[in-house]
Colleague: 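My structure is below; once you've seen it, I'll send some questions.
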Amino acid sequence: MKKRQKGKGLTPRAEDFSAWYNEVVQQAELADYSPVRGSMVIRPWGYGIWEKMQRALDDMFKATGHQNAYFPLLIPMSFIEREKEHVEGFKPELAVVTHAGGKELDEAYVIRPTSETIIYSMYAKWVQSYRDLPVLLNQWANVMRWELRTRLFLRTAEFLWQEGHTAHATESEAEEEARTILGVYRTFMEDWMAMPAITGLKSEAEKFAGAVRSYACEALMQDGKALQAGTSHMLGQNFARQFGLTFQSEEGREEYAWNTSWGVSTRLVGGLVMTHGDDVGVVLPPKLAPTQVVVLPIGRSDDQWAVVAEKARRIEAELNDRGIRALADQRRHLSPGAKFFEWERKGVPLRIEIGPRDVERGEVVVVRRVSGEGEARKESMSEAAALGGIENRLAALQRRLLDAARARRDAATYRGEVSSTDELGDLLNEGAGFVYSGWSGDPGVEDRVKNETRATIRVIPSREFRSDTAPTRCVGGGGANMEVVWARAY
RNA sequence: CGGGGCGUGGCGCAGUUCGGUAGCGCGCCUGCUUUGGGAGCAGGAGGUCGCCGGUUCGAAUCCGGCCGCCCCGACCA
């Protein structure tokens with residue numbers, strides 16, 4: 001449990017990615033361990049990122065016709081037990097409330113691990129006719145899954161997420177909904193998080209407990225491991241049957257509704273860190289940075305300080321007026337160097353320095369958190385030029401982060417014929433992240449590969465991600481019936 | 001649940017082998033000097049050494065038991 005001294009250097013990613021991650025999350029003050037096993041405290045800087053994610057996603061859900069609602073934290077045990085696959089999938093990780101009000105409860109409640117059961121039981125009450133459909137709701141909530149092993153953001157016993165739950169009159173409409181949301185997630189990941197994601201269908205072994213089909217967005221982290229970043233499930237009529245979610249069709253027949261559910265969680269914050277972070281710390285895409293520009297006054301004497309502090313305040317206000325999230329760091333007890341390190345560790349995209357020398361020249365210094373090919377990290381320029389150019393710089397950084405992440409992913413992606421488990425294992429050990437190969441569709445092969453290489457089928461890729469030439473050979477031997485993407489995953 | 005590691009001021013650690021009444025760095029407080037890449041000096045606050053029991057004149061240190069946390073695997077968003 002050897003940790004670097006607080007406030008000093010991080011373990012380099014290349015030395016120990018896992019240690020780097022744990023350190024960077026804590027040192028950037030994204031989250032901290034709590035007194036509750038497996039549960040973290042999300043600190044203001046981390047929560048600020050989550051709030052930005054929430055806002056963007058919420059707007060996208062609303063734009064696609066969804067509304068927010070809220071359902072109870074506690075779910076009657078009998079509800080969870082109603083759908084067979086669902087209960088099998090979640091039973092091992094349920095936290096159960098057996099006592100309340102000083103008495104043992106007649107029926108235990110589970111703390112929701114996900115809310116399908118209670119939500120569809122309510123939909124059953126609300127839906128009578130095809131005219132009541134579709135129901136398109138989302139909720140922002142916390143859920144609890146008693147995981148055996150936890151990691152800050154990536155897998156915590158309690159986590160925050162959104163879960164969308166919809167009911168439709170037809171199978172095709174539900175299917176379309178599941179795919180629409182998959183697209184929303186992918187767009188969000190790329191446009192906001194600058195995290196490229198591949199989409200596709202989950203194999204039977206990897207699909208959601210209770211779903212007919214699960215779709216997922218998978219992203220590749222810098223260490224070559226995949227992160228399931230979002231899932232969208234076509235639930236068919238499985239839950240509708242168990243909860244009596246029926247409606248009368250236009251033709252007068254009683255029919256079961258078709259459901260979908262979909263979610264992304266605070267895990268995305270971890271994904272963001274592992275996608276863009278460097279050995280200095282977090283690197284935030286401007287669109288999700290709680291503070292996009294930190295303004296640092298630098299001065300010696302009180303007289304100097306008065307001048308630079310005032311100038312910093314003005315620049316902060318002017319940027320905020322332009323819709324840019326700026327913060328003037330007016331703390332006098334910290335040296336400039338200490339502030340540089342702090343804000344770089346936290347990943348603020350841009351910094352404006354205002355010192356006595358700048359004031360004399362009528363200039364400011366603009367510093368990038370990360371600079372691209374041929375870009376200076378620090379540049380002096382007039383205040384007007386700095387203020388006017390900030391938006392473009394932020395936009396350019398946003399683009400560059402996505403390009404860089406995509407380039408890393410592509411460099412760590414192997415496409416070609418793979419005809420044995422050993423070959424797949426070798427590729428993974430040689431640094432491959434995503435390995436595309438043929439698959440017969442045999443779950444036995446998938447299981448064997450998992451045991452021997454620790455890799456799983458992340459997705460059966462959507463059309464646009466498939467290889468130009470379909471693989472003919474199959475990892476488990478024999479012929480390929482489809483193309484799949486393998487990876488070791490978080 | 002298997003394997004490994006660790007519990008000592010807020011944080012990171014030393015001290016444990018060989019028992020003698022707790023120390024270092026960072027941080028924190030006060031003052032002065034400082035401030036363009038983790039400031040300096042001076043003074044100061046802060047610890048029932050994870051918990052319970054045992055051995056002993058005396059336990060952070062030895063013995064027994066328990067608890068917790070972290071890391072690596074299996075399970076999973």
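Letters go in sequence order (proteins before strands), and every chain restarts at 1.
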Colleague: Have a look at A:S18 and say if it touches a base, only the backbone sugar-phosphate, or nothing, with a 4.0 Å heavy-atom cut-off.
Modeller: sugar-phosphate
Colleague: Please figure out whether A:V280 or A:R458 has its closest RNA chain B nucleotide nearer the 5' end.
Modeller: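 That would be A:V280.
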Colleague: What nucleic acid atoms does A:R331 come within less than 4.0 Å of, heavy atoms only: base, sugar-phosphate, or nothing?
Modeller: nothing
Colleague: Hunt down the Watson-Crick or G-U wobble partner of B:G2, both distances under 3.5 Å, from any strand shown, or write none.
Modeller: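 Across all strands, the one nucleotide that pairs with B:G2 is B:C72.
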Colleague: Could you identify the nucleotide paired to B:U35, looking across every strand shown and requiring Watson-Crick or G-U wobble geometry with both distances under 3.5 Å?
Modeller: none
Colleague: Cut-off 3.5 Å, side chains only: do A:T260 and A:W262 have a donor facing an acceptor?
Modeller: yes
Colleague: Mind checking if A:V365 touches a base, just sugar-phosphate, or nothing, with heavy atoms under 4.0 Å?
Modeller: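 Since a base atom lies under 4.0 Å of A:V365, the category is base.
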Colleague: Does the structure show a Watson-Crick or G-U wobble partner for B:U55, both distances under 3.5 Å? Name it, or say none.
Modeller: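 B:U55 is paired with nothing.
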Colleague: Using whole Å, what does the distance between atom P of nucleotide B:U35 and atom CG of A:D329 come to?
Modeller: 18 Å
Colleague: Say you pick atom C1' in B:C24 and the same atom in B:A14; how far apart are they, in whole Å?
Modeller: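 Those two atoms are separated by 7 Å.
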Colleague: Please determine if a side-chain N or O atom of A:K450 lies less than 4.0 Å away from the OP1 or OP2 oxygen of B:A74.
Modeller: no
Colleague: Does OP1 or OP2 of B:C70 have a side-chain N or O of A:N22 closer than 4.0 Å?
Modeller: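 It does not, given that no N or O in the side chain of A:N22 lies less than 4.0 Å from OP1 or OP2 of B:C70.
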Colleague: So is the aromatic ring of A:F341 stacked onto the base of B:G38, judging by whether the centres are under 5.5 Å apart and the planes are under 30° apart?
Modeller: yes
Colleague: What is the separation between atom CZ on A:F340 and atom P on B:G36, rounded to the nearest whole Å?
Modeller: 7 Å
Colleague: Base, sugar-phosphate or nothing for A:E147? Non-hydrogen atoms, less than 4.0 Å.
Modeller: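 Contact class for A:E147: base.
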Colleague: Looking for any heavy atom pair under 4.0 Å, which part of the strands does A:L154 touch: base, sugar-phosphate only, or nothing?
Modeller: base
Colleague: Across all strands shown, which nucleotide pairs with B:C11 by Watson-Crick or G-U wobble geometry, both distances under 3.5 Å?
Modeller: B:G25
Colleague: Whole-Å distance between B:G10 C1' and A:E29 CD?
Modeller: 13 Å
Colleague: When you look at CZ of A:R55, are more than 12 heavy atoms from neighbouring residues, nucleotides or ligands closer to it than 6.0 Å?
Modeller: no
Colleague: Please check if the number of heavy atoms outside A:Q67 that lie under 6.0 Å from its CD is greater than 12.
Modeller: no
Colleague: With a non-hydrogen cut-off below 4.0 angstrom, is A:E344 in contact with a base, only sugar-phosphate, or nothing?
Modeller: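 Here A:E344 touches the bases of the nucleic acid.
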Colleague: By the 4.0 Å heavy-atom rule, please label A:E93 as base, sugar-phosphate, or nothing.
Modeller: sugar-phosphate
Colleague: Which nucleotide sits closest to the side chain of A:R300: B:U34, B:G37, B:G38?
Modeller: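 Of all the options, the side chain of A:R300 is nearest to B:U34.
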Colleague: Checking A:R13 against A:F17: charged group under 6.0 Å from the ring centre and within 45 degrees of the axis?
Modeller: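 No, A:R13 does not lie over the aromatic ring of A:F17.
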Colleague: The side chain of A:A338 lies closest to which of these nucleotides: B:G73, B:G36, B:A39?
Modeller: B:A39
Colleague: With P as the reference atom in both, quote the distance from B:C63 to B:G23 in angstrom, rounded to an integer.
Modeller: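 Roughly 25 Å separates the two P atoms.
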Colleague: Is A:T156 touching bases, backbone alone, or none of the nucleic acid, heavy atoms closer than 4.0 Å?
Modeller: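 Base contact - A:T156 has a heavy atom under 4.0 Å of at least one base atom.
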Colleague: Which nucleotide sits closest to the side chain of A:S335: B:G37, B:A74, B:A39?
Modeller: B:A39
Colleague: I'd like to know if the side chain of A:Q304 reaches the main chain of A:R300, judged simply by a donor and an acceptor atom lying under 3.5 Å from each other, with no hydrogens or angles considered.
Modeller: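 It does hold such a pair.
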Colleague: For B:U35 versus B:G40, give the span between their P atoms, rounded off to a whole number of Å.
Modeller: 13 Å
Colleague: When the distance from CH2 of A:W20 to C1' of B:C71 is rounded to whole Å, what number comes out?
Modeller: 17 Å
Colleague: Assess whether a salt bridge exists between A:R179 and A:E175, defined as any Lys/Arg side-chain N lying under 4.0 Å from an Asp/Glu carboxylate O.
Modeller: yes
Colleague: When you measure from the side-chain N and O atoms of A:R332 to the phosphate of B:U35, is any distance below 4.0 Å, counting only OP1 and OP2?
Modeller: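 It does not, given that no N or O in the side chain of A:R332 lies less than 4.0 Å from OP1 or OP2 of B:U35.
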Colleague: Can you tell me the distance, in whole Å, between the CD atom of A:E342 and the P atom of B:U35?
Modeller: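 After rounding, the gap between these two atoms is 21 Å.
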Colleague: Expressed as a whole number of angstroms, how long is the span from A:Q26:CD to B:G10:C1'?
Modeller: 14 Å
Colleague: With P as the reference atom in both, quote the distance from B:A59 to B:G54 in angstrom, rounded to an integer.
Modeller: 12 Å
Colleague: Using the C1' atom on both, measure B:C62 against B:G4 and round to a whole Å.
Modeller: 25 Å
Colleague: Side chains of A:S39 and A:E158: do they bring a donor and an acceptor to under 3.5 Å?
Modeller: no
Colleague: So that I can tick it off, tell me whether A:R331 and A:D329 are bridged by a salt bridge, with the cut-off set at under 4.0 angstrom between side-chain N and carboxylate O.
Modeller: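 A salt bridge is present here (some side-chain N lies under 4.0 Å from a carboxylate O).
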Colleague: Both A:G89 and A:L334 contact RNA chain B. Taking the nearest nucleotide for each, which residue is further toward the 5' end?
Modeller: A:L334
Colleague: Of the nucleotides B:A39, B:C75, B:G37, which one has an atom closest to the side chain of A:L148?
Modeller: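 It is B:C75.
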Colleague: Provide, to the nearest angstrom, the distance between the OH atom belonging to A:Y21 and the P atom belonging to B:C70.
Modeller: 14 Å
Colleague: Is there, by distance only and without an angle test, a donor paired with an acceptor across the side chain of A:R377 and the base of B:G37 below 3.5 Å?
Modeller: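 Yes, the side chain and the base share a sub-3.5 Å donor-acceptor pair.
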Colleague: Between A:Y33 and B:C71, does any side-chain N or O lie under 4.0 Å from OP1 or OP2?
Modeller: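 A:Y33 to B:C71 OP1/OP2: side-chain N or O found under 4.0 Å.
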Colleague: Is there a donor on the side chain of A:K378 or the base of B:G37 sitting less than 3.5 Å from an acceptor on the other?
Modeller: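 Answer yes: a donor N or O sits under 3.5 Å from an acceptor.
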Colleague: Taking the P atom of each, how far is B:C41 from B:C70, in whole Å?
Modeller: 37 Å
Colleague: Grab the CG-P distance between A:L296 and B:G38 for me, whole Å please.
Modeller: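 In whole Å, B:G38 P lies 14 Å from A:L296 CG.
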